[in-house]
There are 2 protein chains.
Amino acid sequence: MPATIYDVATHAGVSISTVSRVVNSPQGVNPATRFRVQRSIEALGFVPRADATARARRLHRQVGVLAPFFTYSAFVQRLRGIASSLSDAGYELVVYNADTPEHIHAYLHSLPLLRRLDGLIIISLRLDDMLAVRLRASGLPVALIEATHPSLSGVDVDNREGGRVAGKYLMAAGHRQIGFVGGDYAVGDYTLRTSQLRLQGLCEVAEAAGVQVQVPALPANSATREDAQQQAFELLARSQPPTAIFAASDTLALGVLRAARERNLRVPQDLAVLGFDDLEFAEYIGLSTISQSLEVSGRQAVELVMAAMADEQTLPRHVQLPLHVVRRETA
Amino acid sequence: MPATIYDVATHAGVSISTVSRVVNSPQGVNPATRFRVQRSIEALGFVPRADATARARRLHRQVGVLAPFFTYSAFVQRLRGIASSLSDAGYELVVYNADTPEHIHAYLHSLPLLRRLDGLIIISLRLDDMLAVRLRASGLPVALIEATHPSLSGVDVDNREGGRVAGKYLMAAGHRQIGFVGGDYAVGDYTLRTSQLRLQGLCEVAEAAGVQVQVPALPANSATREDAQQQAFELLARSQPPTAIFAASDTLALGVLRAARERNLRVPQDLAVLGFDDLEFAEYIGLSTISQSLEVSGRQAVELVMAAMADEQTLPRHVQLPLHVVRRETA
DNA sequence: CTGAAAGCGCTAACAT
DNA sequence: ATGTTAGCGCTTTCAG
């Protein structure tokens, strides 16, 4: 059994308060006593147990991340930012995998009551007003990533603007027939419709310039590479196929690339392909894409929860990250 | 403030013990009383606080994962398996990102003493005897992934055999000049040398068949795509370049693929490329590779820690996962 | 079947 | 400067 604060106190011939003090505010204790206690601490290998400390302080030094987990690789990128900021701040990261609406619901309702977390970061989940307000009232500091809500702090990007940026970029390269491939990952009522927004942005600028946007007839209610491939096949089979395709995510772009290869289309000469996200593999495969600074969004979210943790009354803050196209080889 | 067990007790006119009983072992409580208490629980929205319960039970329902985090995407795949098994078992997952030897050291020494975790899964870290024995003695149930040690449970694959499998596969396809591209991600003394082992396996079977293995002159002390690309360039510039390259990981294979493209080599006609890991993107890009069932390894590790948690005295178990080649388009 | 009371290992007033 | 003591919110003997 590891040593407790009582063992140290006995060993050093002082009270537990003194031991606690030399651990937490050494300056307030007599140097001689402090030294003696420190020796005892080392001799016994004493380390305050995190749970006992957490309980007494009512501070757990853990923040949670709730997300429709590995279904979408952008998650990992954001998590990387979260993890490193959190660890810099001396907090642990606990991950809640929520792939189904039921799981999400359960977590969202129990997490605040369990009181094990100092803060919670919610990724890529649309929250309705009731839930947002309830979370806000629960006392558990929250920050959103990708989704936003007036009553909760959040980081996001302007997805519609992302679509515009993509459209302008492709038009500037001379394309007059632009295809779109998209789909959102569905998690019931929590589903975020970023793909839709990106399409809207694309349409806006295309329409203004008199350029055609071709959207697959297939329902875009999924976000896998396979779906994207099918969508691309459909587009490419048309009488006047697009010369460029904007995919709503890098993962989907992979499907488009594959479709192009199977149809023996050269990229970007025969078909330009532009993704969205700038995932790690995008650089690897030379995919041109719209970067949304995923890692930064994670860091920002940590700042936001921290702010909420520091002052529960503080007003929600919203930050919008910039978007920019990363030109590589596919468009 | 959320309701406590005292509030419920008062509300129902019973003692806290009774409330605790209806929550934890309802069958031992008079149905009438139980019903009354249950009504109070619902009325007050009582949920036992996880930290208080954890403290009283000395069971936190959290297991940690320590790994040189996002440096290697195989991590994510394994984490997926861990996360889902853990959540099935009603445990939370806390992630410790340890990119530097210092961090790793610090975590390995503090985690057992902090006593916040019920178990720990350590990924891709070589532990020396002293550390392994110390961990074993610490009382914190541990399971290793990718590394193994006699005194700790672990899941791994036979990396040397992986190299053999790769070599045989490539030779069966007729290759007589096989290149190798490799490198291990370095984390000081904790560095695992799987790339080396895979190379050894390759050399074994190649030698036995009188086939040349070409290894880059560059020191392979890194594991990035860029390094792999440089290594591949070097190999391809030789007077008798390899007709196939075995990359020690899928990520490295990406670099080889890139090098091939820049040299205008058709894959697999001019150059066959075989990876290792079977990461998610391998399927996307049609990369032939050696699968090592990453997700399964995560699930297995959870089983191992759970076993260790159930009985601290239990002997360490070691499981070795099978390897198989996944034939796709690059080899 | 139910209640009283002793922990769990700390921190943080409050005393001295 | 240091010690005493009351929590923190549960679980779990031990009595009754």
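Below, read A as the first sequence line, B as the second, and so on, with proteins coming before strands; counting in each chain starts at 1.
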From CD1 of A:Ile16 over to C1' of C:dA13, roughly how many Å is that when rounded to an integer? 13 Å

Go through D:dC10, D:dT2, C:dC10 for me and flag the one nearest to the A:Val29 side chain. D:dT2

Take atom CZ of B:Arg115 and atom C1' of C:dG9, then tell me their distance rounded to the nearest Å. 12 Å

When the nearest nucleotide of DNA chain C is assigned to A:Tyr6 and to B:Gly13 on a heavy-atom basis, which residue is associated with the more 5' position? B:Gly13

Any chance you could measure B:Ser297, atom OG, to B:Ile82, atom CD1, to the nearest 0.5 Å? 7.0 Å

Think B:Arg58 has a side-chain N or O under 4.0 angstrom from the OP1 or OP2 of C:dC8? no

Rounded to the Å, how far apart are B:Leu114 CG and C:dC10 C1'? 13 Å

How many Å lie between CG on A:Leu113 and P on D:dG9, as a whole number? 14 Å

Counting only heavy atoms not in B:His103 (residues, nucleotides, ligands), do more than 12 fall under 6.0 Å from its NE2? no

Compare the minimum distances between each of C:dT11, D:dT11, D:dC10 and the side chain of B:Ala52, then state the nucleotide with the smallest one. D:dC10

Is there a donor and acceptor pair closer than 3.5 Å between the side chain of B:Arg55 and the base of C:dG9? yes

When we call it a touch if two heavy atoms are under 4.0 Å apart, what does A:Asp51 touch: a base, just sugar-phosphate, or nothing? nothing

Over how many whole Å does the gap from B:Ile5 atom CD1 to C:dA5 atom P extend? 17 Å

Atom CZ of B:Arg116 and atom C1' of C:dC8: how far apart are they, to the nearest Å? 15 Å

Picking from D:dG3, D:dG9, C:dT11, which would you name as closest to the side chain of B:Ala56? D:dG9

To the nearest Å, give me how far apart CG (A:Asp7) and P (C:dG9) are. 9 Å

Would you please confirm or rule out a distance under 4.0 Å between OP1 or OP2 of D:dT11 and any side-chain N or O of B:Ser20? yes

Would you check if there is a donor-acceptor pair between the side chains of B:Thr4 and B:Arg49 at a distance under 3.5 Å? no

Please check the phosphate of D:dT11 (OP1 and OP2 only) for any side-chain N or O of B:Arg57 closer than 4.0 Å. yes

With a 6.0 Å cut-off (strictly less than), is the heavy-atom count around CZ of A:Arg134, excluding the residue itself, greater than 12? no

May I ask you to evaluate whether A:Ser17 reaches the phosphate of C:dA12, defined as a side-chain N or O under 4.0 Å from OP1 or OP2? no

Are a donor atom and an acceptor atom from the side chains of A:Asp128 and A:His149 found within less than 3.5 Å of each other? no

Please give, in whole Å, the distance from C:dG7 P to A:Arg49 CZ? 16 Å

Of all the nucleotides listed (C:dC1, D:dC14, C:dT11), which has the minimum atom distance to the side chain of B:Arg21? D:dC14

Would you say a side-chain N or O of A:Thr18 is under 4.0 Å from OP1 or OP2 of D:dG3? yes

Any B:Ser15 side-chain N or O less than 4.0 Å from OP1/OP2 of C:dG3: yes

